[in-house]
A.B. asks: 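First the structure, then my questions, so here it is.
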Amino acid sequence: MTDTQNTEFKATSPLDEAGLAQLFTDAHTHTKWHGKPISEAVLKQLYDLVKVGSTSANCSPARFVFITSDEGREKLKPCLSSGNVEQTMTAPCTVIVAYDEEFYEELPTLFPYADAKSWFTSSPEAAYETAMRNSSMQGAYLISAVHALGLDAGAMSGFNPTLLNETFFSDSTWKVNFLLNIGYGDKEKVHKRLPRLSFEQACHIV
């Protein structure tokens with residue numbers, strides 16, 4: 001019997017109920033905010049958590065613009081759908097969760113085990129699908145990181161992507177995926193949680 005077979009399997013301990021509640025069961029989409037700002041140190045801590053989340057071939061296509069200034073908010077405002085203006089203008093920070101269309105340029109460093117760059121330079125369709133899918137995953141990692149650090153989040157898709165890209169990314173290869181307001185939400189003004197699909201409705205075991 002090998003040493004590996006003699007080694008007792010040790011599973012990672014699950015989070016306790018309080019941890020699960022903070023990340024999931026008590027987490028809500030917030031639209032009303034307390035005015036407490038978010039420090040640059042916290043924003044960097046959020047990214048340090050996000051960047052270790054897995055992506056396919058470690059491609060890491062997500063790019064993040066943290067808008068915390070009045071100037072930045074006014075720049076973003078014309079891009080928003082009318083129903084999203086107030087919650088965004090009052091949020092301590094709005095994150096443009098974007099992706100780099102040329103994320104593959106970093107693959108020689110990020111994934112040195114193969115010529116992964118060629119997988120995408122030869123297929124624009126594969127590059128787009130990979131960028132969108134994996135930047136969406138990284139955006140979800142960001143939401144989890146926000147909750148893990150004791151902040152609240154409100155994701156949005158109500159905006160004009162063409163105008164936003166022209167406004168923020170006209171001189172780059174970045175493109176917007178979605179928007180995320182983050183801060184310290186007013187828990188007294190959160191909406192009641194809407195129904196969710198049951199396991200039987202949404203899942204199969206095969």
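The first residue of the sequence shown is numbered 1, and numbering continues consecutively from there.
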A.B. asks: Just so I know, are the side chains of Asp115 and Lys117 near enough to count as touching, which here means a heavy-atom distance under 4.5 Å?
C.D. replies: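 Yes, close enough: below the 4.5 Å cut-off.
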A.B. asks: Do the ring planes of His30 and His28 sit parallel (below 30°), tilted (30 to 60°) or perpendicular (above 60°)?
C.D. replies: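 Because their plane-to-plane angle is over 60°, the rings of His30 and His28 count as perpendicular.
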A.B. asks: Distance check, rounded to the nearest 0.5 Å: Glu125 atom CD versus Ser122 atom OG?
C.D. replies: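 With rounding to 0.5 Å, CD (Glu125) is 10.0 Å from OG (Ser122).
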A.B. asks: Would a single hydrophobic cluster contain both Leu80 and Leu180, if residues Ile, Leu, Val, Met, Phe, Trp and Tyr are joined by side-chain heavy-atom contacts under 4.5 Å?
C.D. replies: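 Cluster IDs for Leu180 and Leu80 differ.
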A.B. asks: Under the side chain to side chain contact (heavy atoms under 4.5 Å, CB included) rule, what do Ser60 and Gln138 come out as? Steps first, then yes or no, please.
C.D. replies: CA-CA 8 Å; Ser60 307; Gln138 290 183 280; 4.1 Å; yes
A.B. asks: Dump the intermediate steps for side chain to side chain contact (heavy atoms under 4.5 Å, CB included) on Asn134 and Phe103, then the final yes or no.
C.D. replies: CA-CA 11 Å; Asn134 286 274; Phe103 67 90; over 6 Å; no
A.B. asks: Side-chain donor-acceptor pairs under 3.5 Å in residues 34-44, sequence neighbours left out?
C.D. replies:
| unit_1 | atom_1 | unit_2 | atom_2 | d |
| --- | --- | --- | --- | --- |
| Ser39 | OG | Val42 | N | 3.2 |
| Glu40 | OE2 | Lys44 | NZ | 3.2 |

A.B. asks: Measure the shortest side-chain to side-chain distance between Leu142 and Tyr47 over non-hydrogen atoms and say whether it is less than 4.5 angstrom.
C.D. replies: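 Counting from C-beta outward, Leu142 and Tyr47 never come under 4.5 Å.
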A.B. asks: Is there side-chain contact between Thr130 and Pro61, with at least one heavy-atom pair below 4.5 Å?
C.D. replies: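 Heavy-atom side-chain distance check fails, nothing below 4.5 Å.
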A.B. asks: Which heavy atom of Thr31 sits nearest a heavy atom of His191, and at what distance?
C.D. replies: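 Closest pair (atom of Thr31, atom of His191, distance): OG1-NE2, 4.5 Å.
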A.B. asks: Might you point out which heavy atoms bring Tyr104 and Ala127 nearest each other, and give the distance in Å?
C.D. replies: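 Heavy atoms only, the tightest pair is CE2-CB, 4.2 Å.
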A.B. asks: Stepwise, does the side chain to side chain contact (heavy atoms under 4.5 Å, CB included) test hold for Asp186 with Trp33?
C.D. replies: CA-CA 5 Å; Asp186 187 341; Trp33 309 95; over 6 Å; no
A.B. asks: Please state whether the rings of Tyr128 and Tyr99 are parallel, tilted or perpendicular, taking 30° and 60° as the class boundaries.
C.D. replies: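 Taking Tyr99 first and then Tyr128, their aromatic rings stand perpendicular (interplane angle over 60°).
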A.B. asks: What are the two closest heavy atoms between Cys79 and Thr167, and how far apart are they?
C.D. replies: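 Nearest heavy atoms, Cys79 then Thr167: SG-OG1, 3.9 Å.
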A.B. asks: Are Val97 and Leu164 linked, directly or through other ILVMFWY residues, by side chains that come within less than 4.5 angstrom of each other?
C.D. replies: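 Per the 4.5 Å side-chain linkage, Val97 and Leu164 are not co-clustered.
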A.B. asks: Any chain of hydrophobic side-chain contacts (each under 4.5 Å) joining Met132 to Phe178?
C.D. replies: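 Looking at the clustering, Phe178 is in a separate group from Met132.
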A.B. asks: When you measure from the side chain of Arg133 to the backbone of Ala131, do you find a donor-acceptor pair of N or O atoms at a distance under 3.5 Å?
C.D. replies: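 No: the side chain of Arg133 does not pair with the backbone of Ala131.
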A.B. asks: With sequence neighbours excluded, what pairs up with Ala116 under the side chain to side chain contact (heavy atoms under 4.5 Å, CB included) test?
C.D. replies: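 Expected list: Leu107, Phe111, Trp119.
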A.B. asks: Please indicate whether Phe199 has more than 12 foreign heavy atoms, meaning atoms of other residues, nucleotides or ligands, lying under 6.0 Å from its CZ.
C.D. replies: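 Above 12, so yes.
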A.B. asks: What pair of heavy atoms forms the shortest contact from Val50 to Ala145, and how long is it?
C.D. replies: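 For Val50 and Ala145, the tightest heavy-atom pair comes out as CG2-CB, 4.3 Å.
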A.B. asks: Please name the residue in the list Leu179, Asn177, Val176 that meets the side-chain contact (heavy atoms from CB on, under 4.5 Å) test with Pro161.
C.D. replies: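 When Leu179, Asn177, Val176 are each tested with Pro161, the side-chain contact (heavy atoms from CB on, under 4.5 Å) holds only for Val176.
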A.B. asks: Ignoring hydrogens and angles, tell me if any N or O in the side chain of Arg193 forms a donor-acceptor pair with the backbone of Ala27 under 3.5 Å.
C.D. replies: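 Checked: pair present.
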A.B. asks: Could you pull out the closest heavy-atom pair between Ala153 and Ile143, with the gap in Å?
C.D. replies: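 Shortest heavy-atom separation between Ala153 and Ile143 comes out as CB-CG2, 4.4 Å.
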A.B. asks: Starting at OG1 of Thr68, measure out to CZ of Arg73 and round the result to the nearest 0.5 Å.
C.D. replies: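 Reported to 0.5 Å precision, the distance equals 6.5 Å.
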A.B. asks: For the OG atom of Ser157 and the CZ atom of Phe159, what is their distance to the nearest 0.5 Å?
C.D. replies: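 The CZ atom of Phe159 is 7.0 Å from OG of Ser157, to the nearest 0.5 Å.
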A.B. asks: Keeping the roles fixed (side chain from Asn58, backbone from Leu110), state whether a donor-acceptor pair exists under 3.5 Å.
C.D. replies: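 Yes, because the side chain of Asn58 sits within donor-acceptor range (under 3.5 Å) of the backbone of Leu110.
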A.B. asks: What pair of heavy atoms forms the shortest contact from Leu194 to Arg196, and how long is it?
C.D. replies: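 That closest heavy-atom pairing would be O-NH1, 2.9 Å.
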A.B. asks: With rounding to the nearest 0.5 Å, note down the distance linking CD in Gln22 to CG in Asp16.
C.D. replies: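 One finds 10.0 Å between CD of Gln22 and CG of Asp16.
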A.B. asks: Rounded to the nearest 0.5 Å, how far apart are OG of Ser144 and CZ of Phe24?
C.D. replies: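 Going from OG on Ser144 over to CZ on Phe24, the span is 5.0 Å.
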A.B. asks: To the closest 0.5 Å, what do you measure between CG (Asp100) and OG1 (Thr173)?
C.D. replies: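 Asp100 CG to Thr173 OG1: 3.5 Å, rounded to 0.5 Å.
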A.B. asks: Using the rule that Ile, Leu, Val, Met, Phe, Trp and Tyr join whenever any side-chain heavy atoms are under 4.5 Å apart, tell me whether Trp174 and Phe66 fall into a single cluster.
C.D. replies: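 Cluster IDs for Trp174 and Phe66 differ.
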A.B. asks: Backbone N or O of Ser54 within a donor-acceptor pair of the Tyr141 side chain at under 3.5 Å?
C.D. replies: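 Here the side-chain-to-backbone pair exists.
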A.B. asks: Given 3.5 Å as the limit, does a donor-acceptor pair link the side chain of Glu106 with the main chain of Cys59, or not?
C.D. replies: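 The answer is no, because no donor-acceptor pair under 3.5 Å joins these two groups.
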A.B. asks: Examine Phe64 and Met156 and state if one hydrophobic cluster contains both, with Ile, Leu, Val, Met, Phe, Trp and Tyr joined whenever side-chain heavy atoms are less than 4.5 Å apart.
C.D. replies: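 As far as the 4.5 Å side-chain criterion goes, Met156 and Phe64 are not connected within one cluster.
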A.B. asks: In a table with atom names and distances, give each donor-acceptor pair under 3.5 Å that connects a side chain of residues 86-96 to protein atoms at least two apart or in another chain.
C.D. replies:
| unit_1 | atom_1 | unit_2 | atom_2 | d |
| --- | --- | --- | --- | --- |
| Gln87 | NE2 | Asn84 | OD1 | 3.0 |
| Thr88 | OG1 | Asn84 | O | 2.7 |
| Thr88 | OG1 | Asn181 | ND2 | 3.3 |
| Thr90 | OG1 | Glu86 | O | 2.8 |
| Thr90 | OG1 | Gln87 | O | 3.4 |
| Thr94 | OG1 | Asn181 | OD1 | 2.6 |

A.B. asks: Taking atom types as modelled and ignoring hydrogens, do the side chains of Gln201 and Ser198 form a donor-acceptor contact shorter than 3.5 angstrom?
C.D. replies: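 Present: a donor and an acceptor within the cut-off.
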A.B. asks: Less than 4.5 Å apart, any side-chain heavy atom of Asp152 and any of Val146?
C.D. replies: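 Contact flag for Asp152/Val146 side chains = no.
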